[in-house]
Amino acid sequence: MDRPVLSVVIPVYNVEEYMKQCLESILNQTLNSIEVICVDDCSPDKSAEIIKEYAAKDSRVKYIKHTENKFQGGARNTGIQAADGKYVTFVDSDDYLFDIDCYKNAVYNLEKYNADISVFSFAEDYGSRKTNHSLSKSVKGLCRLNSSNFTKVLCVPWNKIFKLEDIKKHNLTFPEKLKFEDEAFWYKYVAAVEPKAYVENKYCYAYRIRSGSTMDTRDKYIYNYLDILLDIHSYLVKVNKEKYYGVQLANLLYSPAKSDMIFKLSRDELDIVSNKFAECIDRLGLTSADINQKAGCRIYAYFMKNNEMRKYYIENAENLKKVKYKILKPNVFLYKIKREIKRIFKKN
């Protein structure tokens with residue numbers, strides 16, 4: 001078999017219900033020169049049997065099995081190492097493509113414009129309905145991605161086609177056995193390559209929203225999120241790009257800061273998260289003003305050691321939740337909490 005134009009990497013875990021639709025949507029693409037690398041991350045169901053059935057009928061399908069569970073990031077890394085295509089892309093095994101020309105058009109744009117990466121849009125599949133997700137209008141057509149605009153493009157790898165040589169040249173990998181691996185890979189990729197991108201707001205990919213998926217249970221992995229942030233920061237320091245990209249990391253603190261997981265943590269767990277938050281803040285060189293501006297006041301509940309302040313914050317946040325505080329003006333909520341923090345500081 002000649003070298004394929006495109007390698008499609010699929011991490012597989014507990015998705016037998018969706019596996020056939022995923023594979024068929026890829027194999028039916030009008031871009032025929034592809035290889036489909038399915039990495040079985042110790043899936044406990046019949047996903048492997050389904051993949052092997054397809055591999056027996058279509059030589060483009062390859063099956064690789066892990067001997068230990070490495071999560072989605074580890075499975076993608078295995079796929080990258082096995083990939084032989086000029087380009088590489090990723091598909092989550094419970095998702096699918098609904099535009100049969102998706103990969104053909106994306107590769108065409110890559111080669112027509114001599115781009116490093118091609119980006120297309122997607123729809124969120126809720127089962128009974130689909131909702132199209134529009135990409136930012138500020139990043140479209142042919143453009144250079146750098147520290148000023150790369151966050152306008154979602155960090156997910158499945159709506160992008162990369163040059164495989166760029167990933168291997170810079171030894172770019174996904175963090176293993178951690179969630180939120182997409183953020184780490186995207187930050188590192190852009191910092192290393194600063195790619196010329198062709199961004200097209202064309203809906204091609206169906207991202208399935210289902211109970212039990214990684215994103216559906218993201219609050220359980222708040223520790224991972226902070227580890228990911230520190231991993232990105234270490235990489236930026238290593239390649240001397242901290243000055244240019246480090247400022248964007250402060251925005252990442254907002255995701256775990258707004259997590260409802262705070263109301264479920266024990267005191268010991270809260271202290272662990274507090275220490276990680278404090279390390280992130282210290283590594284990024286953030287001030288209290290930066291935290292208020294970038295992440296919002298909710299972050300204080302994680303890293304403040306003042307028991308009275310923490311108790312006050314959590315009790316008031318819980319009360320506001322009961323009256324559906326999301327319908328209130330967020331600025332009023334933040335103002336009142338920040339005012340109380342200042343009052344407690346002065347009192348103590």
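In this text the structure is predicted, and so the values were computed from the model without any measurement.
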Where the side chain of Q29 meets the backbone of Y103, is there a donor-acceptor pair that is under 3.5 Å apart? yes
Greater than 12 external heavy atoms within 6.0 Å of K168's NZ: yes
With a 4.5 Å limit on heavy-atom distance, are the side chains of C38 and L23 in contact? yes
V12 with V156, same ILVMFWY side-chain cluster at under 4.5 Å: yes
Closest contact, heavy atoms only, G246 versus L236: N-CD1, 3.9 Å
Relative to the ring of Y187, is the ring of F150 parallel (under 30°), tilted (30 to 60°) or perpendicular (over 60°)? perpendicular
Quick check against the 3.5 Å criterion: does S93 have a side-chain atom that pairs as donor or acceptor with the backbone of P11? yes
Side-chain donor or acceptor of S118 paired with backbone N/O of V107 under 3.5 Å: no
Over 12 foreign heavy atoms within 6.0 Å of NZ, K238: no
Hydrophobic cluster identity match, Y205 and L27, side-chain contacts under 4.5 Å: yes
How about CD on E111, more than 12 heavy atoms from neighbouring residues, nucleotides or ligands closer than 6.0 Å, or not? yes
Are side-chain heavy atoms of C22 and V91 found at a separation under 4.5 Å? yes
Is it possible for you to say whether F71 and F180 belong to one hydrophobic cluster, with membership spreading through side-chain heavy-atom contacts below 4.5 Å? no
Out of curiosity, N224 CG to L229 CG, how far, rounded to the nearest 0.5 Å? 12.5 Å
Side-chain donor/acceptor of K276 to backbone N/O of I272, under 3.5 Å: no
Would I232 and Y245 satisfy side-chain contact (heavy atoms from CB on, under 4.5 Å), going step by step from the backbone distance to the final call? CA-CA 10 Å; I232 297 170; Y245 291 90; over 6 Å; no
Does one side chain, of E24 or Y54, offer a donor that lies under 3.5 Å from an acceptor on the other? yes
If we ignore angles and hydrogens, is there a donor and acceptor under 3.5 Å between the side chains of Y203 and D99? no
Student check: side-chain heavy atoms of L135 and V153 closer than 4.5 Å: no
Cluster check Y198, V119: I/L/V/M/F/W/Y, side chain < 4.5 angstrom: no
From F174 atom CZ to D182 atom CG, the distance as rounded to the nearest 0.5 Å: 6.0 Å
Count I, L, V, M, F, W, Y as connected when their side-chain heavy atoms are under 4.5 Å apart, and connections chain through other members. Are Y113 and L31 then in the same cluster? no
Can you confirm whether K241 is buried at NZ, in the sense that more than 12 heavy atoms of other residues, nucleotides or ligands lie under 6.0 Å from that atom? yes
Might you confirm whether atom NZ of K196 has over 12 heavy atoms from other residues, nucleotides or ligands at distances under 6.0 Å? yes
Nearest heavy-atom pair of G74 and E176: which atoms, and what distance? CA-CG, 3.5 Å
For a 4.5 angstrom cut-off between non-hydrogen side-chain atoms, does K163 reach L110? no
Without swapping roles, check the side chain of D116 against the backbone of R144 for a donor-acceptor pair under 3.5 Å. no
Which distance, rounded to the nearest 0.5 Å, do you find between the NZ of K202 and the CZ of F122? 16.0 Å
Between M19 and E53, is any pair of side-chain heavy atoms under 4.5 Å apart? no
Heavy-atom nearest pair, E68 first then C42, reads C-SG, 3.4 Å
With no hydrogens and no angle check, is any side-chain donor or acceptor of S43 less than 3.5 Å from a backbone partner on N14? yes
Considering only heavy atoms from C-beta outward, does the side chain of V199 approach that of C143 to under 4.5 Å? yes
What class does the angle between the rings of Y207 and W158 fall in, given that below 30° is parallel, 30 to 60° is tilted and above 60° is perpendicular? parallel
With side chains defined as the heavy atoms from C-beta onward, is the minimum distance between T173 and I80 less than 4.5 Å? no
Okay, side chain of N146, backbone of E194: is any donor-acceptor separation there less than 3.5 Å? no
Run the salt bridge (charged side-chain N to carboxylate O under 4.0 Å, His left out) test on D231 and K188 for me, step by step, so that the C-alpha distance in whole Å, both residues' side-chain angles and the decisive distance to 0.1 Å come before the verdict. CA-CA 10 Å; D231 177 66; K188 293 176 184 180; 2.7 Å; yes
Candidates E124, K130, R129 - the one meeting side-chain hydrogen bond (donor to acceptor under 3.5 Å, both in side chains) with Y126: E124
Before you tell me yes or no, could you show the steps for Y13 and N69 under side-chain contact (heavy atoms from CB on, under 4.5 Å), namely the whole-Å CA-CA distance, both residues' side-chain angles and the distance that decides it to 0.1 Å? CA-CA 9 Å; Y13 186 82; N69 184 247; 3.9 Å; yes
If you take all heavy atoms of S7 and D84, which pair is closest and at what distance? OG-N, 3.4 Å
Minimum-distance pair of heavy atoms, taken over all atoms of Y63 and D40: OH-OD2, 2.6 Å
For ring pair (Phe, Tyr, Trp, His ring centres under 6.0 Å), just list the numbers for Y189 and F162, CA-CA rounded to whole Å, side-chain angles, deciding distance to a tenth of an Å, and then say yes or no. CA-CA 10 Å; Y189 170 78; F162 306 83; 5.0 Å; yes
Smallest separation among heavy atoms of D92 and I10, with atom names: C-CG2, 4.5 Å
With no hydrogens and no angle check, is any side-chain donor or acceptor of S47 less than 3.5 Å from a backbone partner on E16? yes
